[in-house]
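Accompanying notes for the structure given below.
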2 protein chains.
Amino acid sequence: MSVTLKDVAQAARVSVSTASRALTGTGLTSDRTQQRLVRIARELGYRPNPIARGLKTGQSRLVALLVHNLTNASFQVMAEVVQARLKALGYQMLLCIGGDDPQQESDTLTTLVDHRIDGLIVVPTGKNGAQLKTLAKDVPIVCLVRRDDATDLETVLADDPQGAYLGTRHLIELGHKRIGLIVGRQDTTSGRERLSGYVRALREAGIARDDTLIHAGHYVPETGATSARKLLDLSRPPSAIFVANHEATLGVLRVTAERNIAIPDDLSLLCYEDMPWFEWHRPAISIVDNGARDLANLAVDRLLHRMDAKGNGSEGVREYRVGARLIKRDSCRQVDTPAPARSTKSKSSSSKTSAAKSAKV
Amino acid sequence: MSVTLKDVAQAARVSVSTASRALTGTGLTSDRTQQRLVRIARELGYRPNPIARGLKTGQSRLVALLVHNLTNASFQVMAEVVQARLKALGYQMLLCIGGDDPQQESDTLTTLVDHRIDGLIVVPTGKNGAQLKTLAKDVPIVCLVRRDDATDLETVLADDPQGAYLGTRHLIELGHKRIGLIVGRQDTTSGRERLSGYVRALREAGIARDDTLIHAGHYVPETGATSARKLLDLSRPPSAIFVANHEATLGVLRVTAERNIAIPDDLSLLCYEDMPWFEWHRPAISIVDNGARDLANLAVDRLLHRMDAKGNGSEGVREYRVGARLIKRDSCRQVDTPAPARSTKSKSSSSKTSAAKSAKV
DNA sequence: CTGTTAGCGCCTTCAT
DNA sequence: ATGAAGGCGCTAACAG
């Protein structure tokens, strides 16, 4: 079927080892035979067999990326970035979807090391620390977005405390005093950290924390819907909601639509992690950008670094943070003052009470 | 590092070949030793090395999926489906992103066969037919979503002629006579087929085709924005737009927002391929569903079939179609009659002229 | 600088 | 039913 190193060697009338040396470019051959071999190999259409090479070298030129899903916009761009970066370096990406499920994660991890991956970037569930720790002895690992507290792996995190702080402060500066927070599960790094940033901003502003305004839940739209309903049903509903649980955003939007709540006139909305359509949505949705692209790039950098410095395991393990940025668009408005006239139009409509009372659906 | 077959054999005091036979379950060993070997292997934590096995058998337990990007919602679900299906069967998915670029596609393809993938599902650009044809001799290939006309590979397509027809007819039935079409490049299967479906529906309804209403372009939001502007700038603008180019949708929405055009009051909008947020968007966007999930499942089925029936290359090559479905939501309205009162509310606003004239941005 | 010799871990004839 | 031996394609000592 395909032409092997032996074929090339025979065609060039040299031994396989010479051919191997010439083609891998170890510089251990005379320039003449080197070039000759390269030429012949090309003529014959020789392609080295990574499987055979891998058996010998223990490497596979395969790097795995393990994420929870592809619905989350951040994971999408991470996958694209990682794949692009790796391909440029001659690696293939093995994309795995773990569903944020410890069992699946565990299974996937073993399959991956079976395949002798050369490196792994993983968004850990946090429940397989022991396994990860073991694997880390054999293969360079970088944790992304979430930390696995049971390990001491190199980790690239978003600066969620800062991001949540920035977002909350923004809302406070706009005059909001009652700010609803819909945030991720508190057994995840990001969930905890975003809550802490929110709390800090509140404290600095001298606003008392009100736990009826805080909802933590799973990373699904339903969380957003349920939480939003509860928030809006309060006797004193919030004038702004900070949706710091990315996947919950759709649920929140559905509820505001169902109840005919105008954004930002009736309610200010600030979300976390950018998505393409946030910018095209009307009104354009203000967000805290977690820097998915930079996170992925940094993770690749760190992984490559560890792959180069092969062997020396936990030496110099570090935790990195990629700063968050506030991107102001049109979904948050100043309160305490009359609603500002929208720039390009004057479509003033419906209720303008500072916060919508619970309305029948 | 890891325990090999030899280790297991030694521990069991048998030869490696016996161990191999017992563990691969060829049934060529006595039940007793068989079970004993399995037990010992488990105790030792033995994991077969796919690399070594692959070198011998020529297989890798790797199946590749080559798509254009992960931004497109259909590709997202396809990736998730393919990965899930394959994992259940002990395969790993190699996800590659080709960017709809022939050069990248070509590079990727060679890398993939180097890695001795056991199968390939590819959304072809259409420009590498010769290469695909060659590869198909070595590895089972299924084309997805697009056909490569230069090959005779098994192909799983959406029923785009039908989908576009259904969508267009729906708009016609609502009374629309001037229906704008924003569609994909005409050098792609889907681009051509969706146009043809649109044309057929028009013809059946006795509506003359008007080429000023038809815009074909690249699969990017900008296409939607540019095309929408041109359509709305016409002296007789359309009363409905059928965005049969998935990625163009965001661009269209931006333009309608910029110009303060209310949907569906001022303009009916029908899109192609579902996305999670279409359903949550306000108004919920009616769509023609291409059946991404079923497409992926069928592609996997066909691929597995060919992988089983190894060898017999082009025998029984077939083209499959997965039917499209119209999903009516709230972005299209009846014309010729007064705008129907929206169900839950009465937020009547702004211009209600049948179609918005070009407005300054 | 080059050729010879060993394997990497596994499967598979071929004997027994 | 089991062992022994050879080889998949390649790299990495060893010699010369």
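Below, read A as the first sequence line, B as the second, and so on, with proteins coming before strands; counting in each chain starts at 1.
- Note: CZ (Arg13(B)) to P (dG3(D)) measures 12 Å, nearest angstrom.
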Sequence-aligned protein contact record of nucleotides 7-16 of chain D, with B where the base is within under 4.0 Å of a protein heavy atom and S where only the sugar-phosphate is: BBBSBBB---

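- Of all heavy-atom pairs spanning Val139(B) and Leu120(B), the tightest one is CG2-N, 4.3 Å.
- Residues of residues 32-44 of chain B that place a heavy atom closer than 4.0 Å to DNA chain D, in numerical order, are Thr33(B).
- Counting heavy atoms from C-beta outward, Asp301(B) and Arg85(B) have side chains that approach closer than 4.5 Å.
- Without hydrogens or angle criteria, Glu319(A) side chain to Leu157(A) main chain gives no donor-acceptor distance under 3.5 Å.
- The shortest distance between side-chain heavy atoms of Arg116(B) and Asn49(A) falls below 4.5 Å.
- The two residues Leu153(B) and Cys143(B) come nearest to each other via the heavy atoms CD1-SG, 3.7 Å.
- Between the side chains of Glu80(B) and Asn69(A), not a single donor N or O lies within less than 3.5 Å of an accepting N or O.
- Contact of the Arg185(A) side chain with the Asp100(A) side chain is registered, since non-hydrogen atoms from C-beta on lie closer than 4.5 Å.
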Dot-bracket summary - DNA chain C, pairs being Watson-Crick or G-U whose distances fall under 3.5 Å, with | when paired to another strand: ||||.|||||||||||

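- A gap of 15 Å separates the P atoms of dG6(D) and dT5(C), to the nearest Å.
- For the pair Asp118(B) and Tyr91(B), the tightest heavy-atom approach, listed with the atom from each and the gap, is OD2-CE2, 3.7 Å.
- A salt bridge links Asp149(A) to Arg147(A): at least one charged side-chain nitrogen sits closer than 4.0 Å to a carboxylate oxygen.
- Here Leu66(A) contributes atom CG and Ile117(A) contributes atom CD1; the two are 9.0 Å apart, rounded to the nearest 0.5 Å.
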